[in-house]
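Remember, it's 1-based here, ligands and their atoms both numbered in the order they're listed.
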Amino acid sequence: MDTEKVTKVYSVYSGFYDLLFGKIFHHSRAAAIDLLGLKSGDRVLEVGVGTGLSLPLYPRNCSIIGIDLTGPMLEQGAKKIKKLGLDHVYLQQMDATHMAFRDNLFDAVVAAYVMSTVPRPRAVLAEMIRVCRPGGRIVLLNHFCNGNRLVSRVEKTISPLCTWIGFRSDLSLESLLDETCLDIEQNLKVNPFNYWHIVQCVNRKPTNGASNQEWTALNSH
Ligand SMILES: C[S@@+](CC[C@H](N)C(=O)[O-])C[C@H]1O[C@@H](n2cnc3c(N)ncnc32)[C@H](O)[C@@H]1O
C-alpha cells in the first residue's frame, strides 16, 4: 500500500472506525500504554493515533503528541480531545516516515495497530527510534506473522485481501527489528484471539545531548 491508498482507505473508515475497532481492541490498547511505564512529566509520541481511541488512557500528568497521515481520522481525534478536555494532548498531521521532530525528543513512543498499515514499516521504526531518547521505551501493538508454516502460508495468501482493507498480515517481527538498537523486554500475546502482540522495547541507541526547546515550541499551541 502506498501512502495515497492508506489515506484513502482510512478517510473512508474515519466515520465508523470507533464503532468497528473501539471496544474490541480497548484492553490491548490499555495494556500497551501500561507497558510504556510512564512517569509524571514524560513526553509521549503516539504514531498513527487515528481517531484517538487511546488518548483518554494516558495519564494527565504526561504530555502526549499524536501524529497521523489521515486528516479525517485526526478530525475524529480532535473531537475527542475537545469533548473530554484532554488538554495534555496535541495532534499533528504527519507522515511517520519523515517526522518533523528532533532526535531524542520523547521518553516513550507507541504505535498501536499501525506497523502493518504503513507502506515502509522499517523506515517508520527508524524514525521512532530517532525521536525516542536513549533508554526510552518503544511499544508496538501489532500482528506479527506466526512462525508456524501453515499459518504463515495462509497469511501470505490472504495478504492481498488484507491490503485491500488497510493492513498487511505478513509482517515479521524479526525482520522489522533486525539490526536495530531495540532490546525486547516483553513480547505478550493479546486478545482478540491472541492474534496480536504487544512488544515492549528499550531504546539502546547511544546517548547524545538533547534540549527541551523544540518540545516547548510544539506545546505552545
Ligand atoms: C489501524 S489504524 C490504528 C489507529 C489507532 N492507533 C488505533 O489504535 O485504533 C492505522 C492508522 O495509521 C495511520 N497511518 C498509516 N500510515 C501512516 C504513516 N506513514 N504516518 C502516519 N500515520 C499513518 C492511518 O492513517 C491510520 O489512522
* From the options Met99, Lys5, Arg29, select the one whose nearest heavy atom is closest to atom 7 (C) of ligand 1. => Arg29
* For atom 27 (O) of ligand 1, which candidate among Val9, Val124, Asp2, Asp68 provides the closest heavy atom? -> Asp68
Could a heavy atom of [X] be found less than 4.0 Å from some atom of ligand 1?
X: Tyr13; result: no
X: Tyr113; result: yes
X: Glu46; result: yes
X: Thr3; result: no
X: Ile67; result: no

Could you measure the distance from the [atom1] atom of [X] to the [atom2] atom of [Y]? Nearest 0.5 Å is fine.
X: Leu140; Y: Leu182; atom1: CG; atom2: CG; result: 7.5 Å
X: His197; Y: Asn194; atom1: NE2; atom2: CG; result: 8.5 Å
X: Glu46; Y: Leu53; atom1: CD; atom2: CG; result: 9.5 Å

Identify, by atom number and element, the atoms of ligand 1 in contact range of [X], meaning under 4.0 Å from any of its heavy atoms.
X: Met94; value: 20 (N), 21 (C)
X: Val49; value: 5 (C)
X: Met73; value: 27 (O)
X: Thr70; value: 24 (C), 25 (O)
X: Asp95; value: 18 (C), 19 (N), 20 (N)

* To do: Indicate the ring-plane relationship of Tyr13 and Tyr10, choosing parallel, tilted or perpendicular according to the 30° and 60° boundaries.
  => tilted
Is [X] touching ligand 1 with its side chain, its backbone, both, or neither, if touching means heavy atoms under 4.0 Å apart?
X: Val6; answer: side chain
X: Val47; answer: neither
X: Phe21; answer: neither

* **Pair Ser14-Glu75, side-chain donor/acceptor within less than 3.5 Å** => no
* Locate the shortest heavy-atom distance separating Lys205 from Ile129; write the atom from each residue and the value. => NZ-O, 2.8 Å
* To do: Kindly confirm or rule out an N or O of Ala96 lying under 3.5 angstrom from an N or O of ligand 1.
  => yes
* To do: Using distance alone, decide if ligand 1 has a nitrogen or oxygen within less than 3.5 Å of any nitrogen or oxygen in Ala112.
  => yes
* CA sep, side-chain torsions, deciding dist, call: Arg133, Asp107, side-chain contact (heavy atoms from CB on, under 4.5 Å) -> CA-CA 6 Å; Arg133 68 168 169 78; Asp107 299 291; 2.8 Å; yes
* Asked: Is the shortest distance from a Lys or Arg side-chain nitrogen in Asp18 or Lys80 to a carboxylate oxygen in the other one below 4.0 Å?
  -> yes
* **Results of ring-ring contact (aromatic ring centres under 6.0 Å, His included) for Phe25 - residues two or more places apart only** => Tyr113, Trp196
* Asked: Listed by chain and number, what are the side-chain hydrogen bond (donor to acceptor under 3.5 Å, both in side chains) partners of Glu185, not counting sequence neighbours?
  -> Arg137
* To do: Please answer whether the main-chain N or O of Met115 pairs with a side-chain N or O of Asn142 as donor and acceptor at a distance below 3.5 Å.
  => yes
